[in-house]
Amino acid sequence: MSRPGPGGTLAADARRFLRPRVRPLAALALWSLLESAHTFLGGYGVARALDDGFLAGRAATGAAWLAVAGCGALLGGLALRGVFTALADLVEPLRDGLVRRAVGQALAASVADPARAADARAVSRLTQQTEMARDSFAGLVLTARSFLFTAVGALVGMAALAPVLLLVVLPPLLLGLAAFTATLRPMAAVQREALDTEEALAARVGEAAGALRDIVACGGETAVARAVEPLIAAQERLTGRLAGWGAVRTVALGVAGRAPVVALLAATPWLLERGITAGALAGAVTYLLQSLLPALDTLMAALGSAGTRLLVVLDRFRAPPATAPARPAADPADPRGSGVRGGPGGRTPHEGPTAAAELRSVDFAYGAHAHPVLHGLDLRVRPGEHLAVVGPSGIGKSTLTALLAGLLTPDRGQVLVAGAPARPPRGDGPDPRRTLLPQQAYVFTGTVRENLTHLCPGPIPGSRLDAAVTALRLWGLVDRLGGYDAVLDPRGLSQGERQLLALGAAYLSPAPLLLLDEATCHLDPEAEERAERALAARPGTLIVVAHRISSAARADRVLVLDGTRAVCGTHAELPARSALYRDLVGMWGEEEPAAPAAPR
C-alpha cells in the first residue's frame, strides 16, 4: 500500500529504511529460526509420542518424545530474548528518523513564513505520533516475524508427518489470508479519511468554542451549525464504513483461523483410509491449535489495527509541512529551562523547549469568595522528569494534578501539557497526552488483560504485556487471579490489588505524562518503590503526589506546596530552603530514603 508524496511512495521509503539494516534483519531471522524449531518439535513430538510410544505400548518412548517437544519451549524462550535485542536496532532508528522529519517539517514551515511556526499537529507528530509509529512498527515486526517462522515450522512439520495433510489445511488458510489482505487497502483509505475529518471537526469546534460568546451575541449559531454538521455527518458515515470493513475482516479471520481445523476433522475418515496414523493427525491438530492459528489471530489483529494505524501515521510525516501561528523559539541552552515560582519575588521560566507540563501564574480557588488554593504558581516540568509533590493534607496537591489532567480550569493563568492547553476542547474524548491515576483505583468487571490494557488504543502484544507485568512484579497477582483471561469481580479485590492493576495499566499506557495522585497509598513501601521505579524508567514524564519520604527522595525534583507559596528543588537541597519540608521529613520519620532514579 503506497501513496505518492514528497520523496516517492511509502514502499520506497520502507526500502530505503531497511536497506542499510541488513545485519539487524539477519539477526532477527536467525533468532526466529529457533522459534520455527520450537514449533516443529511441538507437533512432531506429539505425533511420535503416540505412534512410536503410547499406541505401540512403549510408554518410555512416548514420554521421551514428549520431553523432546517440551524442550522446544526452551528454544522459544531463548529465541524471544534474542529477537528483542535485534528488534531494538530496527525500531529505535525509525523513531529517531521520524523525530528528525517532524522537526524538519516544523523548521521548514517557520522558514517559509517567519511569522508562523508549527501548530499542534507538529507537536503531535513530534510526541504522540512518533511513539505511536514506534509501538505499531515494533508490534507489526514481532507478530509478522512470529507468524512467518511459526508457519514455516508448522507446515514443515506437517509435511514431515504426511504431505497429504497440507492438501487439506492449506486451501482454507490461503483463502482466508487472501480475503483479509484484500481488506487492508480500502480500510486504510477509510481510516485516513476519517482521521482527516476528525482533525477538521476538532479544529472547527475548537474555533467555535473560543468564540462562543461572540457567536451568541451576534446570533451566529445557525451559521456555525451549518459549518459543523457536514463534518459530523461525514464522521458518522466513515464510522459505518469502518464497521463494515471490520465485519469483513472478522469473516476472513474466521475462514483462515477456523476452517483448517474443520477441514482436517471432516477429512479424518478419508485420511485414515490412506494410511495416515492417529499420531500424525494429533500432531497436525497440535500444529494448528497450539501454534499456527494463535499466531494467525495475532497477526490479523495487528495488521487490522496497528498496521493501518502505522500507514496513516507515516503518511502524516510525508505530508507537506503545514503552517500555523508561531511563537518565538527558545534558547535550549538556557539553564533556567525548568523551575517553580509561588507568589511574588520568584522567577517565571517561560522560555525553553516544550515542557511536558507547565503552569504559568496559576490561581485557583473553589468558589468566587474562597481562599485561593494556588496563587501565582509557576512550574515547569521537563520531558522525562520524575517530580514528587508534597505538602500537608488539603494544601492543593490533588488540585494541582486535577489542573494538569484538565479536570479543573484555573481562575487565572495557563496550564499547559506538551505545549498545548491542558483542558482539551469539549467533545474530543480522552486526551492521549496524559493518564491520571487517582487514589481510588479504577478496576472494572472484565478480564485481567482488559483491565491492564484498557488505556491502550489498540491490541497489545503478549510480550509487551509480559514485560509490564515483569517490571511491576505482578506475576503473583496475575496468577492468583487466574491468568490474563480470568474475569475479575472488582468487589473481590483489595485496595492494594486494585492499585497494582491500575499501575500496570498506566505502565502500558502510551500517554507521555503520568499523574499519580496517591495512587500507591495502599501498597507497602517495597511495592511502592518497585512501582515508582518501573514507571520512572518508562519513557515519559512522571508526577507523583508523595506520602512517604522515600517516594520524594526517589524523584529528580520535589515540589513543596505551602499555602499559596511553593518551593521546588532536590531532596538534598530542600531542607535548607523550606522549613515545611524539614517538618515533613521529621514527621515521616528517619526511614532510609531510596537513591533517586538514574537520569534519563
Side-chain angles (χ1 to χ4, degrees), residues 135 139 143 239 242-243 246-247 249-250 253-254 257-258 289 293-294 297-298 300-302 304-306 309 398 401-402 405-407 424 427-511 513-524 527-528 530-532 534-535 538 544-545:
D135 291 345
T143 54
T239 302
L242 280 175
R249 189 179 69 186
T250 302
L253 178 60
R258 305 297 179 263
L289 296 182
L293 300 188
D297 286 346
T298 305
M300 286 190 168
S305 56
R309 185 170 62 245
S398 295
T401 58
L407 302 178
D428 277 1
D431 194 328
R433 295 174 297 170
R434 66 280 175 103
T435 291
L436 170 65
L437 264 65
Q439 181 175 347
Q440 299 300 324
Y442 174 63
V443 179
F444 55 90
T445 301
T447 64
V448 175
R449 185 190 307 274
E450 289 167 344
N451 274 274
L452 289 173
T453 61
H454 71 95
L455 296 176
C456 302
I460 297 298
S463 56
R464 187 177 168 202
L465 186 59
D466 291 345
V469 172
T470 300
L472 293 166
R473 297 189 189 177
L474 301 181
W475 283 118
L477 175 60
V478 172
D479 291 341
R480 188 165 64 253
L481 294 175
Y484 289 141
D485 297 319
V487 178
L488 293 180
D489 180 2
R491 296 172 298 179
L493 299 177
S494 68
Q495 293 291 338
E497 289 172 333
R498 292 176 179 229
Q499 288 190 336
L500 287 173
L501 289 174
L503 290 167
Y507 185 94
L508 288 167
S509 165
L513 173 62
L514 290 185
L515 304 168
L516 272 59
D517 184 7
E518 301 278 0
T520 59
C521 62
H522 295 293
L523 304 182
D524 59 73
E528 178 184 64
R530 185 164 58 244
E532 287 186 2
L535 293 175
R538 168 189 177 276
V544 180
V545 174

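Each residue takes its place number in the sequence, starting with 1.
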Original post:
Side chains of P432 and P510: does their closest heavy-atom pair fall under 4.5 Å?
Top reply: no
**OP:** Quick one: closest heavy-atom pair of A502 and L437, and the distance?
**Re:** O-CD2, 3.5 Å
Subject >> Residues that L481 engages under side chain to side chain contact (heavy atoms under 4.5 Å, CB included), provided they are two or more places apart >> reply: V448, L477, L488, L493, L501
Subject >> Minimum-distance pair of heavy atoms, taken over all atoms of L535 and A506 >> reply: CD2-C, 4.4 Å
**OP:** Name all pairs fulfilling the salt bridge (Lys or Arg N to Asp or Glu O under 4.0 Å) condition that reach into residues 437-452, sequence neighbours left out, sorted by first residue then second.
**Re:** R449-D485
Original post:
Atom CD in Q439, atom NE2 in H522: separation rounded to 0.5 Å?
Top reply: 5.0 Å
Original post:
Is the closest side-chain heavy-atom distance between C521 and Q499 below 4.5 Å?
Top reply: yes
Subject >> V544 vs T520, side chain to side chain contact (heavy atoms under 4.5 Å, CB included): CA-CA, chis, key distance, verdict >> reply: CA-CA 9 Å; V544 180; T520 59; 5.6 Å; no
**OP:** Could you tell me whether the side chain of R433 and the main chain of L513 form a donor-acceptor pair under 3.5 Å?
**Re:** no
Original post:
Which value, rounded to the nearest 0.5 Å, describes the distance between E532 atom CD and L514 atom CG?
Top reply: 11.5 Å
**OP:** Measure the shortest side-chain to side-chain distance between L452 and I460 over non-hydrogen atoms and say whether it is less than 4.5 angstrom.
**Re:** no
For residues 469-476, tabulate all N or O donor-acceptor pairs below 3.5 Å that involve a side-chain atom, not counting sequence neighbours.
unit_1 : atom_1 : unit_2 : atom_2 : d
T470   : OG1    : D466   : O      : 2.8
T470   : OG1    : W475   : NE1    : 2.9

Original post:
Which heavy atom in T445 sits nearest to a heavy atom in P490, and how many Å separate them?
Top reply: OG1-CD, 3.4 Å
**OP:** Output yes when a side-chain donor or acceptor of R538 lies under 3.5 Å from a complementary backbone atom of Y507, and no otherwise.
**Re:** yes
Subject >> Short side-chain to backbone donor-acceptor contact, T453 and C456, under 3.5 Å >> reply: no
Subject >> Heavy-atom closest pair, residues D517 and S398 >> reply: OD2-OG, 2.8 Å
**OP:** Would you mind reporting whether L465 and L508 have side-chain heavy atoms less than 4.5 Å apart?
**Re:** yes
**OP:** May I ask you to decide if F444's main-chain N or O and N451's side chain share a donor-acceptor pair within less than 3.5 Å?
**Re:** yes
